[in-house]
> 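Below you will find the structure I want to go over with you.
Atoms within a ligand are numbered from 1 in the order they appear, just like the ligands themselves. Side chains are part of it too, since the values below use all heavy atoms of this structure and drop only hydrogens, waters and symmetry mates. Quantities reported herein were computed from a predicted structural model and do not represent experimental measurements.
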Amino acid sequence: MKLLFSCSLLLFITAACLCGSAATRKLRGISSSYKRFYRERRSFLCIDGSRVIPFEQVNDDYCDCEDGSDEPGTSACPRGRFYCTNLGFRPHYIPSSRVNDGICDCCDASDEYNSHARCQNSCWNLGQRERAYVEGQMRTLDEGLQLKQQLIEEGVLLWREKQAQLRELQQVAEDLQIKLEEHRRRKQEVEQTLKALEAGDTRVRGKNSSESTFRLLDSNKDGSLSVEELQEKLVLVQEEELLLSEEEAVALMGGGRQMDLPMFQHSLWDVLNTENRVKIRGIVDAEDPHLKAADTAAEREASSLKKVEEAYDTINMEISDLRKKLTIDYGPDWEFLFLNSQCYQLNVYEYTYNLCPFNQVTQKSTAGSEVSLGRWGMWAGTPKNPYSQMVYENGEPCWQGGSRSTTVTLTCGTETALCGVKEPSKCQYIIDFQTPVACQPVLKQRGIHSEL
Ligand code: MAN
């Protein structure tokens, strides 16, 4: 800084010494890189090469060259531009129409050298302010880069942790699959046993005694089955607790209300043996404890299988979620990975914005309704730094049609936080998101020092 000051002082003194001379008048409004075009010779070649004029006509307040190059220090040429040297701050060009127009444009006051305007040289103050700002930024950058290094280390650990988690889940899924197959096999076995017992039970009873079954159904032992007797003894297989209705009993009787043994043997007996529609109430439970046990075992197996199936589905969903997360690009050093399970909020007017990186952005109004402003889409920064912008798309539809979407701009900061939200056009949001992981060492090379 000291050096900078003495340099500018030296230049100021040199300029002050020359200011009365013709040479200075001629050279006004020119940057040092253009000075080579204005060497005092007999003639001057317009920079666009269009004309040669005597050197006296440079800055004589009369426009000779089409490109305005003969009048860099006056307002004579419509296309001319005046170079503000602005020592101590940063140089810049103004349209030469602003030279001596009574308004101070250059902070070094050089554009008002011949007007009533009383311009102060404010370049040093401006430069100092900017230098303080840049120094602040540099400090932020240094601190940010240190924090970034820590986050990179955390990212690597987190990445390994997630990989281990995935392996564990895969192991659990494999074990569950074995269990599942075992349960399926066991269920099939008990079902087969049950079926065989049921079929055997009916067949044995059937083969042995259509007559004894008839007798069992014939409660009043009058040698004929009535509708009431069927209603009393038969039940529907599907609805075991339900009594047979009169219509159902009549239907089983083939439309009649009485049935003797031969009729029974030719019709209802077949129904009882071959169809699984009706059965004799209580006969199975009462007569075959094996069947009852098999039935209970089948139910138990079905319920355990269901539990294992549910656990297997849950684990597979977790695996697929984790795999999806691990396919996301978290930066070359996984430095953005720590953001994955975090959410950041900011209140702007009546809305609370919530950014859950790599997941979604939402907006909640004070009235209470929450809308999606987009789901994680992709990195969309510059080719040099793709990690400077994120895009979240396919949010809730806007009233005009089209869906809401959000661009998140990542900038270097010492904390990870949302710093601002804008909606420059309807339902298109821009979020300013600061985080140390967005700090880039290359930024250090920019700044005011290189411009002075
Ligand atoms: C809500 C908010 C606004 C958005 C309008 C569009 O009020 O989501 O951000 O502009 O809807 O109708």
> Answer yes or no for C106 and C119: SG-SG distance under 2.5 Å.
no

> Could you point out which residue of Y392, Y330, F338 forms a ring-ring contact (aromatic ring centres under 6.0 Å, His included) with F358?
Y330

> For ligand 1, find out whether one of its N or O atoms is nearer than 3.5 Å to an N or O atom of Y353.
no

> Evaluate the pair C84, C107 and indicate whether the two SG atoms are within a distance below 2.5 Å.
no

> Would R404 count as a contact of ligand 1 if the rule is a heavy atom under 4.0 Å away?
yes

> Which residue supplies the protein heavy atom nearest to atom 12 (O) of ligand 1, what is that atom called, and how far is it?
W399 CD1, 2.5 Å

> Starting from atom 10 (O) of ligand 1, which protein heavy atom do you reach first, and at what distance in Å?
E423 OE2, 2.6 Å

> Looking only at side chains, do Q171 and D175 share a donor and an acceptor under 3.5 Å apart?
yes

> Going by an N to O cut-off under 4.0 Å, is there a salt bridge joining E135 and R139?
no

> Within the 4.0 Å heavy-atom shell around K426, which atoms of ligand 1 are there?
6 (C), 10 (O)

> Just checking, is any N or O donor in the side chain of D432 or T411 under 3.5 Å from an acceptor N or O on the other one?
yes

> Please write down residue, atom name and distance for the protein heavy atom closest to atom 8 (O) of ligand 1.
Q363 OE1, 2.6 Å

> Starting from atom 7 (O) of ligand 1, locate the nearest protein heavy atom and write down its residue, its atom name and how far away it is, to 0.1 Å.
Y351 OH, 3.0 Å

